[in-house]
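Following: one structure in structure tokens, then a few remarks.
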Amino acid sequence: MKNRRRLVLLCLAWVVGILVGRCSAQQSPDMILYNGKIITVDNHEVTANLGTSAQAIAILNGKIVAVGGNADIRRLAGSGTKSLDLKGRMVTPGFGATHDHPQDWNLLNPVVVKKVVTDDMHIERFINAPASEVITQFPKVLDEAVQKAKPGQWIRISLLFGPEYKWGNEIMALLGKQINKEMLDLLAPNNPVEVKGGFTGMLINQKGIEAVNGFYGDERNQFPYQPLGDLYGMEAAQPGVIEKTGICSVCYRYVEQDVIYGHEPEALAEIYRLGMSWTAALGVTLNATSLYTGGAIRAYNRLDREGKMTMRLAWGWFWPFRNDFFFDPYFLQAQVSREGTGSDYFWVHGMTSHMGMDCSKLPGTTPEVKQRERPCGFADPTIARALYEYIKAGGRLAGDHQVGDGEIDLVLDIIEKASKDAGMTLDQIRAKRHVTEHMSMYPRPDQIPRFKNLGMMTSGFDINFFEGAADNILKKYGERGVLLVQPRRSLYDAGIMNSMEIDRPLSEYTNVGYFQVLHSAITKKNREGKVLAPQEAISRQEALKSATLWAAYGVMKEKVLGSLEPGKWADLIVMDKDYMTVPVDDIPKMHVLMTMVGGKPVHLVPSLAREWGMQPAGAQVELGGPAAQW
């Protein structure tokens, strides 16, 4: 009897031992990064304080389980833990781009598009040369494309802007002049043709216009703004103008994502997959955007369902063609109820409103400046009412193209009135964390207290200092105007969270990266090195905080994103230099060696891969982009 009891106890001990061993093995981290300089950004105050620095970080099941010193973290390792020596390299949370258009920019990446699209599908061609060379190259490229194309097959030619976008203005000046609709109609009589600028802007021929109109059919007549129309309120928005000239600004989205790729949805999804992976080489792990077309929504949904998202994407509803939809109670509640829904990689974070114009309360340096200002978009009663109804129904303004300070006056008025009419308390209003984007020329000093009172955020694309947009503001509105171009110092001093945008096809074909965005916010320098509005410059610590933690707040995910804290997703980057100590003008030269999303390396350069005994990863490496040489 005693022997049987002893045998039973031994068996139970053996079983328990196995189970405990399994549990212990399961609790051991999948990966430990150690011997590094880890900037956690775990301080949530609106200050330059980045919080804790550490040496090591442990990751399990895609989440951070511990951050601390080398000895403490390495002690957690089990037999299955992969331990990687950082050798002193800096680690930070992944970068966020809280206003960007990857669904637009990915189609400007020659390497990615050529990997996916063949001439049997439709014709894609790219010219990346100065304007003087484009004039001579374009007819030859178009002729070759026409010779390859079948009758009725789309031809799309992208005119890229070169390094640092230096050729952009000259190339766009060609459209409608040296390269015009009559030329396209003459040289491609049997094919729809789109000529795309290297950023925004498009020229389309008559066959293309007919194809677009045919795609939308009778629906087209229901739209206050046509798919072949200009949302910016300029003369091209008038009926028939684009049909005559073939020129428009942002309607290329509908031509490309709905019409051209409407018959090739798998190809569009694959371009987006590769495009996200390509952009991950910049250190971007989080993007926020408006998805303007059904084609783009379908493509990202497909990737999300198939587990192929290589960064996280928050998106806002945008349907300016039918602002009256927002007057319908069913549609309104259906959209508001979708806020926060989706997956860990793809979710709705609010409504992105109508394009805001550059109207300003500031006097211009000449009378012509004020005459050329585009009228405030929210002065249009249907546009204002759409936002009002959405806010009143409990929705969140998630940003989108607010440009001038005059537009912001109207937006703030609408938010305050709609919230009051809905009976919201101040705490309820602040919990929405409404956000406006771009900060092209706002907020004015008198608007900042209103932002603060409403608990609002801002987002801005400081790259336009580098590009020269701030120089143009200086010419048009003087020093007072340029001080309103991304006034981050004033925002930090007022305790207002503000995040970073890209809003440019940085990684697609240029030599400019996300570190240039940070450098622009820190130095306020243009391409020539001239400093503009130095009073509004911020520190490199504040710039990093705007690029990480405040990005997470901007998409309502600060509990799981934006800092390297236990319980949050392991979205992080490894840098080749110390961002905190490198000379400030060397910041744009920095590289990202690894980008991790959910504990998985989605970008890993060959040199670090060899050091760690791993396989390189990411589209830039696989397809021969710049990072393949790092």
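Quick caveat, the model's predicted, so the values are computed rather than measured. Values reported hereafter were calculated over all heavy atoms of this structure, with side chains retained and with hydrogens, waters and symmetry mates removed.
No side-chain heavy atom of P93 sits less than 4.5 Å from a side-chain heavy atom of L549. Under the 4.5 Å side-chain criterion, counting only non-hydrogen atoms from C-beta, T595 is in contact with T285. Between M594 and L572, some side-chain heavy-atom pair lies under the 4.5 Å cut-off. Between V621 and P606, the closest side-chain pair of non-hydrogen atoms falls below 4.5 Å. Taking the side chain as every heavy atom from C-beta outward, K589 and V582 never approach each other to under 4.5 Å. For the pair V485/K524, no side-chain contact is recorded, criterion being any heavy-atom separation below 4.5 Å from C-beta on. Contact check for V605 versus D576: no side-chain heavy atoms found under the 4.5 Å cut-off. Side-chain contact check for E467 versus R504: some heavy-atom pair is nearer than 4.5 Å.
When the options L544, T92, D586 are evaluated for a side-chain contact (heavy atoms from CB on, under 4.5 Å) with Y579, the one that passes is L544. When the options Y300, W105, W278 are evaluated for a ring-ring contact (aromatic ring centres under 6.0 Å, His included) with Y272, the one that passes is Y300.
Partners of H349 by side chain to side chain donor-acceptor pair (under 3.5 Å), not counting sequence neighbours, listed by chain and number: R396. F461 meets the ring-ring contact (aromatic ring centres under 6.0 Å, His included) test with H438; sequence neighbours excluded. Contacts of F126 classified as ring-ring contact (aromatic ring centres under 6.0 Å, His included), with partners at least two apart in sequence or in another chain: none.
Few gaps surround NZ on K577; more than 12 heavy atoms of other groups in view lie less than 6.0 Å from it. Within a 6.0 Å sphere centred on NZ of K115, other residues, nucleotides and ligands contribute 12 heavy atoms or fewer.
Note: H101 and Y292 meet the aromatic proximity criterion, with ring centroids under 6.0 Å apart.
When all heavy atoms of V555 and L286 are compared, the closest pair comes out as CG2-CD2, 3.9 Å. When all heavy atoms of I271 and V112 are compared, the closest pair comes out as O-CG1, 3.7 Å. For the pair H44 and S563, the tightest heavy-atom approach, listed with the atom from each and the gap, is NE2-OG, 4.2 Å. When all heavy atoms of T98 and S459 are compared, the closest pair comes out as OG1-OG, 2.8 Å. Counting all heavy atoms, side chain and backbone alike, L108 lies closest to G197 at CD2-O, 3.7 Å. Listed here is the closest heavy atom pair of A296 and L291: CB-CD2, 4.2 Å.
Contacts classified as salt bridge (Lys or Arg N to Asp or Glu O under 4.0 Å) and involving residues 285-302 (residues at least two apart or in different chains) are given here: R302-E306. Within the structure, side-chain hydrogen bond (donor to acceptor under 3.5 Å, both in side chains) contacts touching residues 605-630 (residues at least two apart or in different chains) are R89-E611. Residue pairs meeting the salt bridge (Lys or Arg N to Asp or Glu O under 4.0 Å) criterion with at least one member in residues 548-563, sequence neighbours excluded: R433-E558.
H434 places a side-chain N or O within donor-acceptor distance of the main-chain N or O of L397, the cut-off being under 3.5 Å. Here the side chain of D100 pairs no donor or acceptor atom with the backbone of P102 at under 3.5 angstrom. Judged purely by atom type and a 3.5 angstrom limit, D258 has no side-chain atom pairing as donor or acceptor with the backbone of R253. Proximity of a side-chain donor or acceptor of S520 to a complementary backbone N or O of Q516 within less than 3.5 Å is detected. For the pair N128 (side chain) and G162 (backbone), a donor-acceptor distance under 3.5 Å is present. Looking at S53, its side chain never comes within 3.5 Å of a backbone N or O of I39 through a donor-acceptor pair. In this structure, the side chain of N70 engages the main chain of N35 through a donor-acceptor pair within 3.5 Å. No donor-acceptor distance shorter than 3.5 angstrom exists from the side chain of K432 to the backbone of G455, with no hydrogens or angles considered. Side chain of K545 to backbone of T47: a donor-acceptor contact under 3.5 angstrom is found.
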Between N61 and K63, does the side-chain contact (heavy atoms from CB on, under 4.5 Å) criterion hold? Intermediate values first, please. CA-CA 6 Å; N61 296 328; K63 291 188 176 182; 5.9 Å; no

Check the pair M121 / H263 against side-chain contact (heavy atoms from CB on, under 4.5 Å), numbers first and verdict last. CA-CA 9 Å; M121 299 164 69; H263 302 293; over 6 Å; no

Start with the C-alpha distance between F515 and V592, add both sets of side-chain angles, then the distance that settles side-chain contact (heavy atoms from CB on, under 4.5 Å), and finish with yes or no. CA-CA 9 Å; F515 286 108; V592 174; 3.8 Å; yes

side-chain contact (heavy atoms from CB on, under 4.5 Å) evaluation trace for T293 with Q103: CA-CA 10 Å; T293 68; Q103 72 276 20; over 6 Å; no

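Between F161 and Y509, the ring planes lie perpendicular to each other; the angle is over 60°, past the 30° to 60° tilted range.
Distance check, rounded to the nearest 0.5 Å: CZ of R540 to CD1 of I587 gives 4.0 Å. To the nearest 0.5 Å, the span separating OG1 on T289 from NE2 on H99 amounts to 6.5 Å. Atom CZ in R74 sits 5.5 Å away from atom OG in S83 (nearest 0.5 Å). Taken to the nearest 0.5 Å, the CG atom of N498 stands 4.5 Å off from the OG1 atom of T458. To the nearest 0.5 Å, atom CE of residue M575 and atom CG of residue L86 are 12.5 Å apart. Taking CG of N49 as the start and CG of D42 as the end, the distance is 8.5 Å to the nearest 0.5 Å.
The existence of a salt bridge linking R488 and E542 is excluded, since no basic side-chain nitrogen approaches an acidic carboxylate oxygen closer than 4.0 Å. The pair D344-R312 does not count as a salt bridge, with every side-chain nitrogen at least 4.0 angstrom from each carboxylate oxygen.
A donor atom on one side chain and an acceptor atom on the other are found under 3.5 Å apart for S490 and E536.
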